[in-house]
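Working notes for the structure below.
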Amino acid sequence: MEKEFTSLERARLEKIQRLRSQGIEPYPTRAQVTHSSTAAIQAYEDAEAASSDGKVEVTLAGRLRAIRPMGKIAFAHIEDGAGRVQLLFRVNELGQEKMDLFVREFDLGDFIQASGTMFRTRTGEITLQVKEFQMLAKAITPLPAAKDEVVDGDVVRHALLSDPETRFRQRYADLAVNPEVRQIFRTRAAIVRALRQFLDERGFLEVETPILQPIYGGAAARPFITHHNQLKQDLYLRISFELYLKRLLVGGLERVYEIGRDFRNEGVSFKHNPEFTQLEFYTAYADFESNMAFTEEMIVFVCEQVLGSRVFNFNGHEIDVTPPWKRISLRQALIDAVGIDIADYPTGESLAEAMRLHDLHPAAGATRGKLIDGMLGDYLEPNFIQPTFLYDYPRDISPLAKNKPGDPQTVERFEGFVGGMELCNAFTELNDPLEQEARFEEMGREYSSEDEEHHPLDEDYIQAMSYGMPPNGGFGMGIDRLTMLLTDKHSIREVILFPHLRSREED
RNA sequence: GGGCGCGUAGCUCAAUGGUAGAGCAGUGGCCUUUUAAGCCAUUGGUUGAGGGUUCGAGCCCCUCCGCGCUCACCA
């Protein structure tokens with residue numbers, strides 16, 4: 001397919017030709033940089049404070065974000081990873097030929113390098129007086145942004161790229177013109193770093209387990225299927241790490257965690273992307289109860305590391321993660337919210353009938369657990385704005401969790417909610433191999449084999465458990481959603497660098 | 001998958017069914033401390049794609065593509 005250039009791009013291609021005809025390489029191999037933009041400004045301020053006469057000589061590099069030619073002089077701003085700094089080009093300093101070169105052939109978006117002396121302009125802005133400059137990389141396509149304005153020291157961008165489709169399809173352009181987008185991903189990295197530090201300091205071992213799996217499991221989700229050609233074997237992209245991580249407990253690794261990608265072949269929404277990042281950890285001799293306190297401690301640690309605060313704003317709410325978080329049983333929460341005591345309805349049929357009496361609409365053919373889960377999502381989750389642990393879940397939607405003693409319908413499990421979203425999910429892990437096998441078979445009966453959430457029986461997992469698995473508590477949390485909370489973004493696409501979009505048809 | 005909305009210049013946006021426009025960017029010119037610099041001139045469009053109605057369609061109708069919101073779905 002022949003690439004078609006716009007008139008703006010053709011103008012810049014002609015500039016490349018002109019540069020080359022003058023013996024100037026528009027994409028030189030190397031740059032020499034002595035200071036970042038902010039470091040150069042700092043160096044000048046330091047020299048000023050010391051009232052030294054020593055001139056601050058620097059070589060800076062960055063992307064041209066503003067040019068203001070005024071005849072015999074021209075002001076420009078370049079932006080680098082640290083910030084932005086003004087450049088002053090003067091014909092007296094450079095000569096007419098170099099001045100013309102800059103004004104005629106350099107464009108917004110080009111990467112350039114400039115050397116000279118730092119000084120302060122009449123308006124007080126610390127600026128590089130340019131003695132030498134060169135092109136580092138010519139931009140052919142103009143950046144999708146208008147010029148910047150500086151108001152009281154703050155950069156105000158006009159006509160900034162806002163079309164979500166372009167922003168996500170051409171995330172590089174979004175990042176290039178929207179600095180706050182870059183900040184989201186710095187925050188995201190800081191969150192992951194804080195989680196690792198927290199777990200590493202507590203004796204956890206970070207591990208990696210298979211992404212390509214012969215049997216998927218550990219969650220109720222439809223998998224992506226792929227194929228190994230040479231082995232002639234279908235494989236699944238993992239939907240969770242759970243079953244592999246717990247195998248490691250059998251092997252004597254008592255505290256393990258993994259941060260990585262899960263893949264679920266389901267609909268996309270503001271809080272669902274087909275691939276997303278998950279943290280899971282498993283702790284021998286822990287249980288769901290101790291995991292609640294551990295979760296509170298971990299989230300507080302992350303917030304303090306990343307935000308320097310336990311309080312943040314999300315979607316117009318001030319959220320405070322200071323422990324203890326609200327704790328309420330799923331049963332009690334549903335009594336409060338919809339007036340149904342699930343303990344009174346031991347079967348799916350009776351619960352569905354009760355829901356109809358309360359003018360709710362039970363999904364046809366759903367199991368008791370799925371009905372409860374449905375009410376949870378509709379009537380509980382959106383209202384859990386402040387951090388809340390919901391605990392004691394129905395057994396039939398939790399096939400890997402251990403029974404609550406004395407209550408055969410309920411398992412020791414909790415989910416943590418913040419900002420009206422499920423953030424994490426944890427339970428006391430089932431470690432009885434015979435019961436685990438029975439649970440898988442139970443699932444097999446209740447969910448038809450056509451059901452997308454049908455759980456395949458992982459015999460090797462049973463085999464592992466039969467060697468003896470220490471009692472343990474497991475935990476899973478969506479990193480994307482935690483990032484949404486800490487950056488006050490309300491769509492998962494904002495916190496994923498390259499979110500999934502439908503392919504565009506070539507024409 | 002259903003419903004609602006959106007798609008116009010590189011970006012942000014206008015345009016009762018009646019000649020497709022503005023700001024910024026671009027191009028040419030003036031301009032030696034500006035900062036969305038300013039001033040003068042000027043280029044730029046298959047209005048997402050295709051079909052239909054009409055004397056005439058960016059606008060009305062149909063199909064398709066993409067995006068958003070929402071519902072369904074989602075341990």
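Values in this document were obtained by computation on a predicted structure and should not be read as measured data. Naming convention: chains lettered A, B, ... in sequence-line order (proteins, then strands); numbering from 1 in each chain.
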**Study point:** Qualifying residues under ring pair (Phe, Tyr, Trp, His ring centres under 6.0 Å), relative to A:Tyr236, sequence neighbours excluded
**Key:**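 Listed in chain order: A:Tyr216.
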
Spacing between [X] atom [atom1] and [N] atom [atom2], to the nearest angstrom:
{"X": "A:Met421", "N": "B:A75", "atom1": "CE", "atom2": "P", "result": "17 Å"}
{"X": "A:Arg18", "N": "B:G26", "atom1": "CZ", "atom2": "P", "result": "13 Å"}
{"X": "A:Arg10", "N": "B:U43", "atom1": "CZ", "atom2": "P", "result": "16 Å"}
{"X": "A:Glu93", "N": "B:U33", "atom1": "CD", "atom2": "C1'", "result": "14 Å"}
{"X": "A:Phe270", "N": "B:C67", "atom1": "CZ", "atom2": "P", "result": "19 Å"}
{"X": "A:Met99", "N": "B:C31", "atom1": "CE", "atom2": "P", "result": "12 Å"}
{"X": "A:Leu128", "N": "B:U35", "atom1": "CG", "atom2": "C1'", "result": "16 Å"}

Check your understanding: Short question: side chain of A:Glu105, backbone of A:Arg18 - any donor-acceptor pair under 3.5 Å?
Key ->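 No; judged by distance alone, with no hydrogens or angles, the pair does not exist.
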
Exercise for review: Keeping the roles fixed (side chain from A:Glu280, backbone from A:Glu242), state whether a donor-acceptor pair exists under 3.5 Å.
Suggested key: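 Checked: pair present.
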
Is the distance from OP1 or OP2 of [N] to the nearest side-chain N or O of [X] less than 4.0 Å?
{"X": "A:Arg222", "N": "B:A75", "value": "no"}
{"X": "A:Arg493", "N": "B:G68", "value": "yes"}
{"X": "A:Lys15", "N": "B:U27", "value": "yes"}
{"X": "A:Arg120", "N": "B:U33", "value": "no"}

Quiz item: [X] side-chain donor-acceptor pair to [N] base, under 3.5 Å:
{"X": "A:Arg68", "N": "B:U34", "result": "yes"}
{"X": "A:Thr121", "N": "B:U34", "result": "yes"}
{"X": "A:Asp163", "N": "B:U12", "result": "no"}
{"X": "A:Glu125", "N": "B:U35", "result": "yes"}
{"X": "A:Thr123", "N": "B:U34", "result": "yes"}

**Study point:** Side chain of A:Met70 (C-beta onward), nearest among B:A75, B:A37, B:C67
**Key:**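 The nucleotide sitting nearest to the side chain is B:A37.
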
Study note, to complete from the structure: Nearest-nucleotide check on RNA chain B, A:His490 vs A:Ser269; residue mapping nearer the 5' end is A:His490

Practice item. Please figure out whether A:Ser398 or A:Gly71 has its closest RNA chain B nucleotide nearer the 5' end. Key: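 Looking at RNA chain B, the more 5' nearest nucleotide goes with A:Gly71.
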
Exercise for review: Determine the interatomic distance between C1' on B:G5 and the same-named atom on B:C30; round to the nearest Å.
Suggested key: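 Taking atom C1' in both B:G5 and B:C30, they lie 48 Å apart.
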
Review point. Say you draw a straight line from CZ of A:Arg502 to NE2 of A:His500; how long is it, rounded to the nearest 0.5 Å?
Key: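 Result: 7.5 Å between the selected atoms.
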
Practice item. Indicate, with yes or no, if the rings of A:Phe106 and A:Phe133 have centres closer together than 6.0 Å. Key: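 Yes, ring centres under 6.0 Å apart.
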
